[in-house]
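Heads up: the structure comes next, in structure tokens.
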Amino acid sequence: MKYKPFRVFAVVGILAVTLAALPQIQPPAQAAPPDTTAAKAKTAVAKGLDYLRRVQEKDGSWGEYPATTALAVAAFLRNGRSEIKEPAVARGVQYLLGMTKPNGAIYSDANPAQSLPNYNTSLSLLALSLTHNPAYRPQILAAQKYLETSQFDEGEGVAASDPTYGGIGYGSKPDRPDLSNLQTALEALQESGASTSSPVWKKAIAFLQRVQNRRASNDQAWVKAPESADDGGFIYDSKGRSFSESGGKPQSYASMTYAGLKSYIYCGLTKDDPRAQSAWDWIRGHYSVTENPGMGAQSLYYYYHTMAKTLDVFNEKIVRDTKGVPHDWARELAAQLTANQRPDGSWYNDNARFWENQPPLVTSYTLLALSYCLKR
């Protein structure tokens with residue numbers, strides 16, 4: 001038979017059309033891998049809460065101390081354990097209420113050296129607010145008023161030009177304000193619904209500027225000194241005191257920089273405010289989930305807690321460091337914290353400074369940090 005190319009072409013064309021009309025066979029869809037980090041974090045939270053239940057004192061406290069008790073109560077509440085369904089929370093709350101003083105402060109005066117009225121009141125106010133129980137509204141309002149009147153301002157004869165103006169300290173006498181106590185008080189006031197029109201916020205900004213290592217907005221002499229890096233980070237107090245590894249020189253460190261940034265946001269500054277951006281740039285340049293930059297292992301779990309809370313408030317899922325590396329902070333921090341958990345469910349810092357050799361305290365810090373990680 002004579003070869004006829006047009007027939008071959010016609011058959012090929014028909015086959016092509018037919019094949020094109022057939023449904024395309026897709027490879028089977030790959031199931032998303034299980035989120036093992038979140039699963040491990042949830043397991044760690046359950047074990048940590050079990051640990052706190054076991055070590056709660058008969059009087060409802062943890063460590064017979066209001067601040068430690070308030071942090072433990074907050075750890076339960078932030079992780080979805082309500083006062084109604086969790087007896088440990090109910091007992092802890094009753095302990096805190098029993099520490100309430102006529103002036104609204106919440107603290108124990110059993111040991112005057114450790115009474116620290118402002119510190120204890122701030123954390124207790126936060127814990128009571130997290131219950132969302134209207135029965136505690138009188139105590140909440142009284143504690144708010146107490147903290148606001150504890151701020152260094154004209155009421156104590158402190159002029160706006162004074163470096164202590166706008167700060168809040170431990171509340172013991174003699175007292176001087178510091179960023180750690182101020183940020184705890186501001187968080188408690190914000191979480192408890194304190195009025196945004198209260199003068200406390202504007203006055204706090206004056207203090208915050210004076211503990212930020214930023215010459216453009218800080219009028220204090222220490223920030224002009226050669227050892228000041230002018231890097232946007234924060235230190236402990238407005239007179240240049242720092243707990244950093246620099247030996248007391250006014251060098252920025254991470255836990256206070258996160259605290260300062262969070263406080264700016266509470267006080268109404270926007271994320272793109274130059275003061276907030278300077279702090280954010282410092283954080284991007286010192287991102288870590290293995291140490292407290294500037295302090296190493298000191299105050300490590302306080303740092304983890306403050307870091308997680310700040311990044312949640314700042315509303316950033318990814319921290320892109322100054323080298324351009326993106327960090328899913330919630331996942332990275334959760335993985336680090338779950339790896340650090342001890343067999344009994346607790347967390348503990350081998351560096352004992354700032355009470356971090358006390359497992360109930362450190363466990364509460366960690367459970368709070370994990371609550372923000374899991375939220376993300």
Side-chain angles (χ1 to χ4, degrees), residues 118-119 122 151-152 158 161-170 174-187 203-267 269 273-288 291-307 309-311 313-314 322 351 353-356:
N118 295 347
Y119 171 68
S122 296
Q151 190 173 40
F152 279 61
V158 178
S161 59
D162 192 286
T164 65
Y165 185 85
I168 293 178
Y170 279 108
D175 194 20
R176 65 176 176 179
D178 61 80
L179 177 53
S180 181
N181 277 290
L182 178 63
Q183 68 109 3
T184 305
L186 293 177
E187 181 175 337
K203 293 175 183 178
I205 290 176
F207 185 82
L208 291 169
Q209 291 181 158
R210 288 168 171 158
V211 290
Q212 187 173 18
N213 211 334
R214 185 175 185 270
R215 291 171 189 161
S217 51
N218 190 338
D219 60 4
Q220 295 304 292
W222 69 263
V223 82
K224 319 294 183 186
E227 60 265 28
S228 170
D230 188 28
D231 54 15
F234 282 76
I235 65 169
Y236 183 70
D237 71 21
S238 55
K239 294 188 176 181
R241 186 180 178 202
S242 178
F243 284 116
S244 72
E245 294 176 319
S246 63
K249 294 180 181 179
Q251 297 298 315
S252 307
Y253 58 104
S255 50
M256 286 300 96
T257 302
Y258 279 104
L261 177 59
K262 173 166 64 75
S263 298
Y264 269 152
I265 299 302
Y266 284 151
C267 290
L269 267 64
D273 185 284
R275 292 162 291 184
Q277 276 300 309
S278 292
W280 181 241
D281 288 342
W282 192 96
I283 286 169
R284 291 175 55 240
H286 299 82
Y287 175 87
S288 177
E291 66 170 352
N292 179 1
M295 292 190 73
Q298 297 178 56
S299 197
L300 182 60
Y301 288 86
Y302 174 98
Y303 161 70
Y304 286 145
H305 167 225
T306 309
M307 172 190 182
K309 176 65 175 180
T310 301
L311 292 175
V313 169
F314 203 63
T322 49
N351 188 306
R353 196 176 187 191
F354 306 113
W355 297 359
E356 288 208 350

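We number each residue from 1, following the sequence as shown.
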Residues in ring-ring contact (aromatic ring centres under 6.0 Å, His included) with Tyr253, at least two apart? none
Distance-only, no hydrogens or angles: does the Ser238 side chain make a donor-acceptor pair with backbone N or O of Arg210 under 3.5 Å? no
Could you please spell out the steps behind the side chain to side chain contact (heavy atoms under 4.5 Å, CB included) verdict for Gln183 and Thr306? CA-CA 10 Å; Gln183 68 109 3; Thr306 309; 4.2 Å; yes
Can the ring centres of Phe354 and Phe243 be said to be less than 6.0 Å apart? yes
Using the ring of each side chain (for Trp, its six-membered ring), is Tyr304 parallel, tilted or perpendicular to Tyr301, with breaks at 30° and 60°? perpendicular
Applying the side chain to side chain contact (heavy atoms under 4.5 Å, CB included) criterion to Thr257, which one of Thr310, Asn213, Ile283 satisfies it? Ile283
Using the side chain to side chain contact (heavy atoms under 4.5 Å, CB included) rule, take Gln212 and Tyr264 through it: C-alpha gap first, then chi angles, then the decisive distance, then the call. CA-CA 11 Å; Gln212 187 173 18; Tyr264 269 152; 2.8 Å; yes
Minimal non-hydrogen separation, Phe234 against Leu261, with atom names: CE1-N, 4.2 Å
Could you walk me through whether Trp222 and Ile235 satisfy the side chain to side chain contact (heavy atoms under 4.5 Å, CB included) test, starting with their C-alpha distance in whole Å, then the side-chain angles of each, then the deciding distance to 0.1 Å, before giving a yes or no? CA-CA 11 Å; Trp222 69 263; Ile235 65 169; 3.5 Å; yes
Consider only side-chain N and O atoms of Asn292 and Ser299, and report whether a donor and an acceptor are under 3.5 Å apart. no
With salt bridge (charged side-chain N to carboxylate O under 4.0 Å, His left out) as the criterion, how do Arg275 and Asp273 come out once you've worked through the C-alpha distance, each side chain's angles and the decisive distance to 0.1 Å? CA-CA 5 Å; Arg275 292 162 291 184; Asp273 185 284; 2.9 Å; yes
Separation between OG (Ser180) and OH (Tyr119), nearest 0.5 Å, reads 7.5 Å
Using distance alone, with no hydrogens and no angle criterion, decide if Asp178 and Tyr236 have a side-chain donor and acceptor under 3.5 Å apart. yes
